[in-house]
Amino acid sequence: MGKRDNIYKTGFRSHTCGQLSKSDTDIEVSLCGWVHGYRNLGGLLFIDIRDRWGITQVVFDPNDVGDDCMEKARILRYEFSIRVTGKVRPRPEGMANKSNPTGDIEIAAQTVEILNKSVTPPFLVEDETTASDELRLKYRYLDLRRPFLKNKLEVRHKATIAVREYLNSRGFVEIETPLLMRSTPEGARDYIVPSREHKGKFYALPQSPQLFKQILMVSGFDRYFQLARCLRDEDLRADRQPEHTQIDMEMSYVTVDDIFEIVENMMSHLFKSVLGDDIAFPFERLSYREVMDRYGIDKPDLRFGLEIIDLGDVLATTEFRIFSETLKKCGVVRGIKYPGGAGLSRKQIDNLTEIVKEAGAKGLAYIARTEEGVRSSVAKNLSKAELNGIYETTGLEIGDILFIVADEWKTACDCLGILRKELGKSLRDEFKTKWAFLWVEDFPLFEYKKDTGRFDAMHNIVSSPFKKDSELLDSGFESELKPDDPNHPWARIRANQYDLVLNGVEIASGGIRIHDRAVQEKVLKVLGIDAQRAEKMFGFLLNALEYGAPPHGGIAPGFDRIVALMTDSDSLRDVIAFPKTTAAQSLMDGSPAEVDQNQLTELGIRIEGNEE
RNA sequence: GGGGUCGUAGUUCAGUUUGGUUAGAACGUCUGCCUGUCACGCAGAAGGCCGCGAGUUCGAGUCUCGUCGACCCCGCCA
């Protein structure tokens with residue numbers, strides 16, 4: 001067989017339903033697809049036939065075709081799978097349908113063949129569906145026929161191709177790591193798979209290929225990647241599924257700058273080849289501390305401003321107790337100026353206050369400058385000089401409003417971060433760029449957790465400490481300071497750890513890893529994992545590090561989230577072919593489900609309450 | 001684990017505030033008519049365990065409790 005001029009031609013069809021135009025006039029074609037619509041005018045009968053590529057109108061004219069063909073055409077209903085043969089012809093003058101790319105032609109039918117009937121579908125296959133999520137998930141195969149979802153999965157496909165193209169061009173090797181591995185109780189809850197050969201023992205499904213990719217570095221692959229499935233048995237959200245895909249990458253002999261350069265180029269290639277968008281790089285880089293101070297959140301949306309302004313200096317000597325007490329206790333008084341917001345209603349301000357309170361604030365102060373003067377919850381407690389100082393520091397003009405939060409640093413950050421996000425929603429039309437990438441780096445290695453009374457890894461237990469901070473690791477063991485003291489040595493250690501943020505969404509996380517067994521053991525010890533447990537859980541990694549493990553690092557961009565951003569999807573479900581509900585069920589195949597008793601017996605598993 | 005919203009024809013919803021004859025609409029389905037429609041049109045018909053289970057009441061779609069399911073959020077999770 002020679003080269004095909006039409007790659008879509010098969011034994012069933014000559015063309016797709018999105019392919020024909022006026023230049024094909026008079027050629028004999030055969031199309032296959034689903035009945036998208038039917039309009040029986042008594043004599044003439046129109047059928048819209050749909051496949052992955054488009055919709056084409058077919059006309060059955062009783063003057064042109066026999067009674068048996070008309071009879072067959074009359075029983076066609078939504079979603080019947082049919083094959084039509086006929087001749088392409090331009091539509092009569094003024095009859096073109098401009099909303100359809102094939103709308104200026106139609107097929108004058110000669111024959112129609114019903115390949116398969118359809119029962120009445122529970123919802124119509126059209127982009128503007130009113131069907132509920134539940135119904136759509138149960139009949140996912142019908143939902144996926146909608147161009148709305150089909151297009152997103154096609155974007156996803158293009159994105160995988162772009163990623164593979166780019167990484168291949170930079171010498172990466174794609175390697176599959178196991179789906180069945182040992183459970184590591186750190187981090188998220190594992191999905192567990194019972195072993196039949198070894199009753200009472202279990203595999204775990206990977207939360208990420210983290211340990212394997214590090215071992216691949218020890219194995220000398222130097223540049224590895226994988227579009228890796230990762231599974232977590234945790235509660236779900238609109239942006240969280242039990243299984244997700246990440247572009248898992250790891251490299252040897254690299255610095256943070258090397259990794260950033262590769263990821264920036266990869267993103268640029270990805271967005272250019274899939275969407276045609278030009279991405280400017282290098283991306284902006286901010287430290288964790290700075291990003292928190294300026295935006296109140298470690299994944300800020302930089303498409304708009306609304307930066308946090310510190311009012312500590314202006315209010316240093318204020319007699320207003322709420323502010324002065326906070327400052328005395330090493331807290332902060334900070335605000336966000338919302339230009340043009342002086343006209344916000346009492347109710348709108350109350351709503352914002354409610355949102356901020358949920359994040360832990362005790363209240364939300366505001367100062368609005370209007371033509372008439374000042375409308376404010378706190379101005380009466382402030383001196384003229386202080387008020388003027390605030391105007392000067394913040395550049396508060398008439399017509400603007402300033403929101404102020406006074407609290408300990410972290411709480412103030414959280415509250416203002418949420419407030420900023422909320423206010424930002426109204427600025428959609430004024431966004432500076434379509435895509436705002438940001439590197440956030442210099443994260444603390446550890447984070448003190450009040451509930452467990454212990455330090456926890458802020459990101460990842462394998463992230464390496466800054467070289468200049470590494471003696472803090474040792475001194476922490478002897479420190480007199482209480483662990484919740486922000487000056488505790490362990491709290492001061494910064495990590496070679498970075499996140500990539502896009503439009504306020506964390507799309508990647510990575511780090512330079514520990515390649516020295518002793519350091520790794522110390523970090524595990526801080527986390528409360530003694531040598532014995534470490535050996536049991538991570539012994540294979542610790543051992544591997546002893547054989548000349550190269551310095552290495554990597555990153556794992558979340559593929560679903562990136563595709564969701566590229567396709568402007570509210571829910572991750574829209575970019576996953578067969579997603580789970582928030583209760584981690586698949587409504588289509590009905591999983592999870594019971595298994596046969598003999599399967600359980602083979603595994604040596606008895607279900608509580610099922611005993612005979 | 002906690003909070004919120006929702007659950008009524010095949011579908012999307014109204015009806016629930018204030019319990020009271022035969023539970024409505026639209027789309028879809030079915031029947032008939034209709035030769036340029038593309039949300040075709042016109043006439044008619046069928047279609048309901050009001051999620052499920054208890055309770056209150058003379059009487060429950062409507063009130064109470066429980067339960068199941070979907071979605072959103074917190075906790076959890078990177």
Annotated protein contacts, base or backbone, on nucleotides 24-29 of chain B with a non-hydrogen cut-off under 4.0 Å, one of B, S, - each: ----SS

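- When heavy atoms are screened at a 4.0 angstrom cut-off, A/Asn460 is found touching no nucleic acid atom at all.
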Output one letter per nucleotide in nucleotides 73-78 of chain B: B when a protein non-hydrogen atom lies under 4.0 Å from the base, S when only the sugar-phosphate is that close, - when neither is. SBBBBB

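- For A/Asp301 and A/Lys421, the salt-bridge test fails: no basic side-chain N is under 4.0 Å from an acidic carboxylate O.
- Pairs passing the salt bridge (Lys or Arg N to Asp or Glu O under 4.0 Å) check and including a residue from residues 75-87 of chain A, sequence neighbours excluded, read A/Arg50-A/Glu79, A/Glu79-A/Arg145, A/Arg83-A/Glu113.
- Annotation: proximity of residues 82-111 of chain A to RNA chain B (heavy atom, distance under 4.0 Å) is found for A/Arg89, A/Arg91, A/Pro92, A/Met95, A/Asn97, A/Glu106, numbered in ascending order.
- Across all strands shown, B/rA43 forms a Watson-Crick or G-U wobble pair, both distances under 3.5 Å, with B/rU31.
- Applying the Watson-Crick and G-U wobble criteria (two distances, each under 3.5 Å), B/rC76 pairs with nothing in any strand.
- Residues of residues 141-150 of chain A that place a heavy atom closer than 4.0 Å to RNA chain B do not occur.
- Under the ring-ring contact (aromatic ring centres under 6.0 Å, His included) criterion, A/Tyr38 pairs with A/Tyr78, sequence neighbours left out.
- Contacts classified as ring pair (Phe, Tyr, Trp, His ring centres under 6.0 Å) and involving residues 123-148 of chain A (residues at least two apart or in different chains) are not found.
- Residue A/Asp127 places its CG atom among more than 12 non-hydrogen atoms of other residues, nucleotides or ligands, all under 6.0 Å distant.
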If you restrict it to nitrogen or oxygen atoms, what contacts under 3.5 Å exist between nucleotides 41-43 of chain B and the protein, and what is each distance?
none

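- Put simply, the residue from A/Tyr288, A/Tyr498, A/Phe466 that forms a ring pair (Phe, Tyr, Trp, His ring centres under 6.0 Å) with A/Phe443 is A/Tyr288.
- Contacts of A/Asp499 classified as side-chain hydrogen bond (donor to acceptor under 3.5 Å, both in side chains), with partners at least two apart in sequence or in another chain: A/His459, A/Ser509.
- Within the shown strands, B/rA54 is the pairing partner of B/rU64 under the Watson-Crick or G-U definition, both distances less than 3.5 Å.
- Not a single donor-acceptor pair under 3.5 Å links the side chain of A/Asn116 to the backbone N or O of A/Ser81.
- Relative orientation of the A/Trp439 and A/Phe260 rings is parallel, given thresholds of 30° and 60° on the angle between their planes.
- Using Watson-Crick or G-U wobble geometry with both donor-acceptor distances under 3.5 Å, B/rC6 finds its partner in B/rG69.
- With a cut-off of 3.5 Å on both pairing distances, the Watson-Crick or G-U wobble partner of B/rG24 is B/rC13.
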All N/O pairs under 3.5 Å across the protein-nucleotides 68-70 of chain B interface:
residue, atom, partner, partner atom, Å
B/rG69, O2', A/Glu134, OE2, 3.0
B/rA70, OP1, A/Thr581, OG1, 3.1
B/rA70, OP1, A/Gln585, OE1, 2.7
B/rA70, O4', A/Glu134, OE1, 3.3

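- Judged purely by atom type and a 3.5 angstrom limit, A/Gln241 uses its side chain to pair as donor or acceptor with the backbone of A/Lys580.
- If you take CG on A/Asp414 and CD on A/Glu408, they are separated by 9.0 Å, rounding to the nearest 0.5 Å.
- Salt bridge A/Glu354/A/Lys357: absent, no basic N to carboxylate O contact under 4.0 Å.
- When heavy atoms are screened at a 4.0 angstrom cut-off, A/Ser132 is found touching the sugar-phosphate backbone but no base atom.
- Applying the salt bridge (Lys or Arg N to Asp or Glu O under 4.0 Å) definition to pairs two or more places apart or across chains, those involving residues 18-39 of chain A are A/Arg39-A/Asp48.
- Applying the ring pair (Phe, Tyr, Trp, His ring centres under 6.0 Å) test to residues at least two apart or on different chains, none of the pairs has a partner in residues 567-595 of chain A.
- A/Phe46 comes within contact range of at least one nucleobase, with a heavy-atom separation under 4.0 Å.
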